[in-house]
Amino acid sequence: MARILKYVLTVLLLAEALPVLFATVTGSGEQDFARMRSVMVRDQIVARGVTHRATLQAMRTVERHLFVEPSLRSRAYDDNPLPIGYGQTISQPFIVAYMTSLLGLRPEHRVLEIGTGSGYQAAILSRIVDSVYTMEIVRELAASAKKRLQDLGYHNVEVVPGDGYYGLPGKAPFHAIVVTAAAEHIPPPLIEQLDEGGKMIIPVGSQFMVQNLILVEKKKGRITTTNLMPVRFVPFTREEKR
Amino acid sequence: MKRRLAISIGLLSCSMVAFQVALMQILSICQWNHFAYMVISVAMLGFGASGTALAFLKKYMIPKIGTNLAILMIFTSLSIMGILFLSRTVFGGFDSYLVFYEKRHYLNLVFSYIMLFVPFFLGASAIGLAYCYYASDIGRLYFADLAGSGIGGLLMLLLLWHVSPSAVPFVIACLPLAAGLLLFPQGSKTVAEKTGLLTLVLLALVLLVAGLLNPPRLPSSQYKSLPRTLLLPDARVMETINSPYGELKRVSAPALRYAPGLSLSYSGQVPVTEVLFHNGDWLGPLVPMALPEREEAVVLSALPGTPDQEDAPESHDGTETGHYLDYSTQALPYVMGTPGKVFVADAATGLLAGHALSRGVKEIIAVEPNSAVVGMVTGNIDVPGERVSFITGHSRYHVQQADRYDLILLPENGSFGGSSGILALEEQYLFTLDAFSLLWDRLSPGGMIAATLWMDYPPRSTLKLLATMAVTAESKGVENPADHIVAVRSWSTITCVLAKNKVSANNIDKIRAFCHSRQFDPLLYPGIRPEEREVYNMLQDESFFRSTDLLLKGERETLFREYDFQIRPATDSRPYFSQFLKLGRLSKIREVFGSASMPFLEVGYLIVLLTMAQIFLASFLFIVLPLIFRKVPGKGKAGLLVFFSVIGIGYMFAEMVFIQQFTLFFGSPLYAASAVLSAMLFFSGIGSACSQKLVTGSVRLRLVAGVIAVLLALLALCLPALMRAAMGSPLPVKVLLCAMVIGPPAFLMGMMFPSAIRAIRQVSDGSLIPWAWAVNGSFSVISTALAAVISVEAGYQTVMLVAVAAYLLAGISTRFRLFSIFVK
């Protein structure tokens, strides 16, 4: 009787284990990431008011988990930034989407990014526009981002190692410039290389929390900035109480 | 033996305090601030836990006391060195920036805490064991303990000038090693013991030599400015200077440029400069100082009311000199006038002094408290001595030395992107109401005080600064502060100016023109219209402007109370300008920003709270819990519990207050910690040595407690005034004054513990001593972090008053039965 019970239990266990094994071998992990990505777009981005279709489509297709360390892949679609080493992070998904949507990009636009980091932002941009130029001053990050983007097939992204202060005058003007590298001033050459009607976006804050975004716009030669808060905090004031 | 033991105890105690100070320095470099309270609490935890351990193990250790004492001391030396060899894990295993973000960092913080605890536990066990066995000689031993501790603090002040922070612990490790060796011949009786001890000594010597010849590199958070800067191409450290002020590095990199909040209309070059870093944090750029090419070019907007105002050449704003700071909001004071005499407080690398020079200012006094910084600046850029006095000193003292100033410039506050509140517990004595009051009094009739901040969101620092200016003006008899305050905003910085005179219509026109040409927006000037505030730099909502107006309309108290962040002006008693967290609003902040992001708003204060919780738990686990399961012999333990706990609280609270107050006095937290620890421990040691003769009964013990309470209360009232008067004294005089102020109460405080220990011996066989040691240690541990929290919430005077109450309670507890047996 005991022997029969043992055989039955073994069969049942195998019946459970084999499908799991099969699924693992055939890459159901990838389906998990796709699902996580879809949930990310729905719950973190659309739910917060980002409606730019091209941005949403890009966020759905770019495999964010391939831009982080393998040990952090299970957290790649969390609502957080993640460290990528060298004192840098891959930005929170919502911030990436929000910044991208603010630029109002069209396929024919040319975009410059200062601060490649992991290359994720550049990959997102590359799904919307024809050409993306991204500059990274940390050599190791530039090299790893370049390889990653090439391996993943983002052929319309050109990674340029070097100091982004002077931008890329040879490729200017740019319809949009994304400055993710922390800089307490906006280099004058970048302002010059921004096209008429163009937009520049600068996240301000710590590596792990973007406090606000500075949207720089050039219209009829006039430069203005708008301070945008991805998260609105309304402090209590007496007038509001009234 | 007893004499050798006393010397050993002295050496060991010296190493314990010296290692505490060394850890503060190391943590400043590797992490974000000196974590002084955490270091002291780890030390106290070690002391307390050793008492608990001795309660269980004393009977096993007493028979071979000599050998065991030597072993404990040698292991103390080994553990100090071991921590440095494991520095990557101990100091670099956690990032205080990420403690709330990733569990791994929190667990590593706990691990680091445990590792740091080990040498203090071992050292304290040796001291405690000596006390248990030689309790009859407690006075001499306690004196040696405290005298050694006193010397330890002063030793560090000397060592840190000459030895790198990573090598200092190895020098310190020589002390407990020597202490163990002193007892060596007495301790070893068998061949096995001798061999064992010899092996330990040889191991210690090998590690010592290895550590001194090739000290381990201290890890640094990858998110600090220096490590990130060193990743830039061709970045190099050109020079390093170590001092008690910290580690100073001069770095060169072709990509290093600094132009805070530069105007978007600037089309020139931002110069590449070398940069100084202090303890891994950005200090400032080394921008060459240059006299203006043509003096008349800068005399474009004279001070209001001066004759040549009408003769000024036409210019739309009058600020072009070629210095790139003319295109930052920091040029605002020069729009409003051409000051003849400028004071630059906490000048750092002299950037603001250089800008003032380019503006044609004839006399500039730039004061910087860190002499190493002054040396590095004057050694690397030409400072025109005929116009600029770049000196080492205390800004709040030096500003009082000259007659009057036309312009006082405060150092830049905050950083680009914010500091996530990591500076919440950093004392900023130039941004308190007391400081502003002093600065106002040093202004000439048309003088101004100017400060530039990085904008933060949600708005906090600007509101706090404006509140400080408004309250200062009102306290000086100004009817309407809004007539005296100007503020201009770029896309990232705000410069605020507090003027002694009402801002004139002429100046308002100049400010408008300046803003227009630079694409800045005025935030405040008399009569400003709402539409003027957002022409070039739009904000997403108007709450910032509403809050600003409320501050100046006299509805300030309502705003202070109801705003979700702490924006009430800082004072010398609560000098935490960058502390904005209101504990009661944590849930709202978490709801809005999410649990992941919320800590990055105010991580500095949250770490204090986290560490306090950790300390409570650790002291309960390591000290109290084991003793709960052990039957404590004797009667009348309640009195004992109360007595030893409150003297632990009182002593540590007083110590923390002294460290804070003397930080302002010395201008450096490390100097203050060293001087205060040394003075307190040294005089307490003398007190303990005298206690046997002076404290002969409970009445006298009660009297001592009462006098301590009175002295501390007097110091709470008088110490700030006393220090203000002596602020400018030379360092040796300051150290002497510190000793004179702290000496009397410390002397009396040193009597309390050994007197009570003698009382215990009279009623028991000494088995209560570990309990007493443990209780005292436990409450001392908790007190360090608790003092930090109370000081933030209620100010340091409150902390001192709690210390007063503690000693009064100690006096009352001597009425318990235990002490009634305490007779001659």
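In what follows, every chain begins at residue 1, and chains take the letters A, B, ... in the order their sequences are listed.
For the set B/Gln540, B/Glu534, B/Gln222, the entry with the most heavy-atom pairs within less than 4.5 Å of chain A is B/Gln540. Here B/Ala259 is the residue among B/Ala259, B/Ser265, B/Pro233 with the most heavy-atom pairs under 4.5 Å with chain A. Chain B forms more heavy-atom pairs under 4.5 Å with one residue of A/Val138, A/Thr226, A/Leu141 than with any other, namely A/Thr226.
Atom CD of A/Glu140 has more than 12 neighbouring heavy atoms from other residues, nucleotides or ligands inside a 6.0 Å radius. Residue A/Lys146 qualifies as open at atom NZ: its count of foreign heavy atoms under 6.0 Å is 12 or below.
Taking CG of B/Leu539 as the start and CE of A/Met229 as the end, the distance is 5.5 Å to the nearest 0.5 Å. The line from CD of A/Glu184 to OH of B/Tyr258 is 6.0 Å long, rounded to the nearest 0.5 Å. Going from atom CG of B/Leu264 over to atom CG of A/Leu190 covers 11.0 Å, rounded to the nearest 0.5 Å.
In terms of heavy-atom proximity, A/Pro188 sits nearest to B/Gly268 at CG-O, 3.8 Å. When all heavy atoms are compared, the tightest approach of B/Gln519 to A/Ile223 is OE1-O, 3.2 Å. The two residues B/Val270 and A/His185 have their closest heavy-atom pair at CG2-NE2, 4.0 Å. Taking every heavy atom of both residues into account, A/Arg222 and B/Val535 meet most closely at NH2-O, 2.9 Å.
For the side chain to side chain contact (heavy atoms under 4.5 Å, CB included) with B/Trp491, the qualifying choice from A/Leu215, A/Val216, A/Thr224, A/Ile186 is A/Ile186, the only one to do so. With respect to B/Tyr457, the side chain to side chain contact (heavy atoms under 4.5 Å, CB included) criterion is satisfied by exactly one of A/Asn212, A/Leu228, A/Asn227, A/Val204: A/Asn212.
When heavy atoms are compared at a cutoff of 4.5 Å, B/Ser267 approaches chain A solely by way of its backbone atoms N, CA, C and O. Contact annotation for A/Ile214: only side-chain heavy atoms (C-beta onward) come within less than 4.5 Å of a heavy atom of chain B. Interface residue A/Ile191: only side-chain heavy atoms are found under 4.5 Å from chain B.
Side-chain contact check for A/Arg139 versus B/Leu232: every heavy-atom pair is 4.5 Å or farther apart.
Cation-pi geometry between B/Arg228 and A/Tyr86 is not satisfied (NZ or CZ under 6.0 Å from the ring centre, within 45° of the ring normal).
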